[in-house]
Amino acid sequence: MLSKIPTNLPPHLSLKFIKTYINSGDLGRARQLFDKIPDPDLRSWTVLITAYTRQGFAKEAVKLYTHLRDRSIQPDKLVLLSAVKACATSADLIKAKEISEDVTKFGLCSDLLLGNALIDMYGKCRYIEGARKVFEDLQVKDVISWTSVCSCYVNCGLPRVALKVFREMGLNGVRPNSVSLSSILPVCSDLKCLNSGREIHGFVMKNGMEENMFVSSALVDMYSSCLCIRQAQLVFDKMPQRDIVLWNVIITAYFANAESENALNLFRQMRAEGAKLNYASWNAVIGGCMQNGRTQDALEILGLMQDSGFKPNQITITSILPACTNLESLRGGREIHGYVFRHWFLEDITATTALVFMYAKCGQLEVSRRVFDMMPRRDTVAWNTVIIANSMHGNGEEALLLFDEMVNSGVKPNSVTFTGVLSACSHSRLVDRGLSMFYSMDRDHAIEPDTEHYSCMVDVLSRAGRLEEAYRFIQDMPMEPSAGAWGALLGACRVYKHVDLGRIAANHLFEIEPHNPGNYVLLSNIFVTAKLWAEASETRKLMKDKGIRKLPGCSWVQVRNKIHTFVAGDKSNDQSDVIYRFLNDMGEKMRLAGYLPDTDFVLQDLGQEEKEDTLCSHSEKLAVAFGLLNLNGESSVRVSSRNLAATFAKKDLAKDVACALRD
DNA sequence: GAACGCGCTC
């Protein structure tokens, strides 16, 4: 029994006791003994610092080193190594610099082991200059020095430099080992650089390293990222043994390549072979199902996961939450919110962000905002989500205020942020703000606008009726204009009745996406409005000849527990009579108030009265009327629309998700 | 006494 902590031991014995306590997992007792030694030797310091780092208390380890220095004890190489490692783990750049100074101060800056550890430390602190300096100053560099400096560039988001350094290493006659290879292969994955990946695969085979678990799982991941799933499978098949990571990687690879059937088969095979699944396995397969639209499978596997004794964690919840991002899911979504709350997952920035997004998508902007406001910390994605939420709901001014708040709080915007901000500007007709935002991207935030941003700007100008400007904007784009850009212009040409530009935009769209029915319908409608009947029917004919059909629009509204669906001109609802009478009354009241319906929006060649009728039977209008008539103000009316085919698949999945989660 | 591979949100 290790009951009483001994005192007054000679140094070698106290070290022995400290080690015994650490090995038995009692770090606290080791510390108590250490604190009782009046003058601990350097070995004791080293052992304790290392133990703290290994057991996940790197900050405490760094503190311990600070105590040592406060006592003006001169560190040796071993203590410094342990401190450098602690600092690397806690990624504390300020302490990192202090320790680095100590290394120099005590004349150890040309030591290879310490130098390598310092490079790794700076890499983990994302301080390239520091790592580079240590690397340059090393008289002798080995494979670890080179690998560490490569990893540093990878960590700091400079994959191309990492690849360059990796090649330099070879040119300097240093042969990469398995660690170097599994560090550099993810770079090929990120850059989708199949050529470099293949080259490295060749090196692996020539040097007989293909059975290394780290190397082969990195190879599988590389081939998967480069969309060569067959190559990935070949690497996997050649492995005589498969550890859990290799299984996870190959399953993720199939999901990422949209082959979910094969992924699920491998998942079954993995379980049949008795592989010991970990959290990554369960989350990979649940996330993979969700990414591939297999919500039902995801739910089933969520059940299996819990049967196997794994409690869904933040990542599981985050993956499954998108099942709840539709209007009819609000109830189930709330239950999941409860689960997230009960399990302290609100501390998790990713899970909470998914929750913020879910509420916004369910039409609950206020709740979404309250959840966001309660977040203890917010990263770029969290800010992006709340900005996009406001943009979706047409709160352009609020989205811009949030953007300022984001920048002021020191969180860096990225390209998604600007997509959100610019689309907010377009929905709220904030043209000047949109333009100034767009020009500030490159100038103030070093973000180069991509196709999506240009399309947003075309939308900003188009919706404001500045069609010629929008067209010039498209012509000045540095890249090939996307369907989004031309589509924004075409839509606005319909609203502002601009035939010439409409024709130009549509012709580009027919090239880019020849099978999108919307473009043909829009152009035909533009012709109808301009009374260019011949061209209108020609467009319709073009569409028909290509075998393209427009799917009917559809809207639905939830009243208490039931979802009611409407298509345009729908008379199938029990209350259809009441709905149409209500809409007619409203129409009459509007006319009296001086509002005349814009019948230009009806494409058929009908009489004025019939045209007004057609406008009244729009599917969204029917759904809103039904909601107003049946909800009696007891809650807000939330209507959502999609094309009919997508609607058949809708279902309150959130409830299923909530049911599947067991406390 | 040093270095490496798998899971989540916009």
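Proteins get letters first, then strands, A, B, ... in listed order; numbering begins at 1 in each.
In this structure, Thr147(A) reaches neither bases nor backbone, as no heavy-atom distance under 4.0 Å exists between it and the strands shown. Using a 4.0 Å heavy-atom distance criterion, Asn177(A) is classed as a base contact. Within 4.0 Å (heavy atoms only), Asp221(A) reaches no atom of the nucleic acid at all. Among the heavy atoms of the strands lying under 4.0 Å from Ser217(A) is at least one base atom, whether or not backbone atoms are also near. Here Phe357(A) lies in heavy-atom contact (under 4.0 Å) with sugar-phosphate atoms only. Residue Lys85(A) is classed as a sugar-phosphate contact, given heavy-atom separations below 4.0 Å to backbone atoms only. Nucleic acid contact for Val249(A): sugar-phosphate only, since backbone atoms but no base atoms lie under 4.0 Å from a heavy atom of the residue.
Taking the six-membered ring where the residue is Trp, the centroids of Trp146(A) and Phe166(A) are separated by 6.0 Å or more.
The CD1 atom of Ile317(A) sits 14 Å away from the C1' atom of dG7(B) (whole-angstrom rounding). Regarding Arg54(A), its CZ atom lies at a distance of 9 Å from the P atom of dA3(B), rounded to whole Å. Per the geometry, CG belonging to Leu277(A) stands 12 Å off C1' belonging to dC6(B), to the nearest Å. Distance Ile301(A) CD1 to dG7(B) P: 17 Å, rounded to the nearest Å. The CG-C1' distance, from Leu108(A) to dA2(B), rounds to 15 Å in whole Å. Atom CG in Asn212(A) sits roughly 14 Å away from atom P in dC6(B) (whole-Å rounding). Between Ile320(A) atom CD1 and dT9(B) atom P the separation is 12 Å, expressed in whole Å. What separates CG of Asn278(A) from P of dC6(B) is a distance of 12 Å, to the nearest Å.
When the side-chain nitrogen and oxygen atoms of Lys124(A) are compared with OP1 and OP2 of dA3(B), none of them lie within a distance under 4.0 Å.
Side chain of Asp243(A), nearest nucleotide from dG1(B), dG5(B), dA3(B): dG5(B). Of the candidate nucleotides dG5(B), dG1(B), dC10(B), dG5(B) has the atom nearest to the side chain of Phe214(A). Of the listed nucleotides (dT9(B), dC6(B), dG7(B)), dC6(B) has the atom at the smallest distance from the side chain of Val245(A). Nearest nucleotide to the side chain of Ile315(A), out of dC10(B), dG5(B), dG7(B): dG7(B). Taking the side chain of Val179(A) as heavy atoms from C-beta on, and the options dC8(B), dG1(B), dA3(B), the nearest nucleotide is dA3(B). Of all nucleotides listed (dG1(B), dG5(B), dT9(B)), dG5(B) comes nearest to the side chain of Met213(A). Among dC10(B), dA3(B), dG5(B), the nucleotide with an atom closest to any side-chain atom of Ile388(A) is dC10(B). Side-chain proximity of Ala284(A) to dG5(B), dG1(B), dG7(B): nearest is dG7(B). Nearest nucleotide to the Asp142(A) side chain, out of dC8(B), dA2(B), dC10(B): dA2(B). Between dC8(B), dA3(B), dC10(B), one nucleotide has an atom nearer to the side chain of Val381(A) than all others, and that is dC10(B).
The base of dG5(B) has none of its N or O atoms less than 3.5 Å from a complementary donor or acceptor on the side chain of Asn248(A). The base of dC10(B) does not come close enough to the side chain of Thr385(A) for any donor and acceptor atom to sit less than 3.5 Å apart.
Each of Ser183(A), Ser180(A), Ser182(A) was evaluated against Thr147(A); a single residue qualifies, Ser180(A), per the side-chain hydrogen bond (donor to acceptor under 3.5 Å, both in side chains) test.
Ion pairing of Glu136(A) with Arg132(A) is present here, as a side-chain N (NZ or NE/NH1/NH2) and a carboxylate O approach within less than 4.0 Å. The existence of a salt bridge linking Arg268(A) and Glu273(A) is excluded, since no basic side-chain nitrogen approaches an acidic carboxylate oxygen closer than 4.0 Å. In this structure, Lys95(A) does not pair ionically with Asp92(A), as no charged nitrogen and carboxylate oxygen lie closer than 4.0 Å. In this structure, Arg369(A) pairs ionically with Glu398(A), as a charged nitrogen and a carboxylate oxygen lie closer than 4.0 Å.
Within a 6.0 Å radius of CD in Glu452(A), no more than 12 heavy atoms belonging to other residues, nucleotides or ligands are found.
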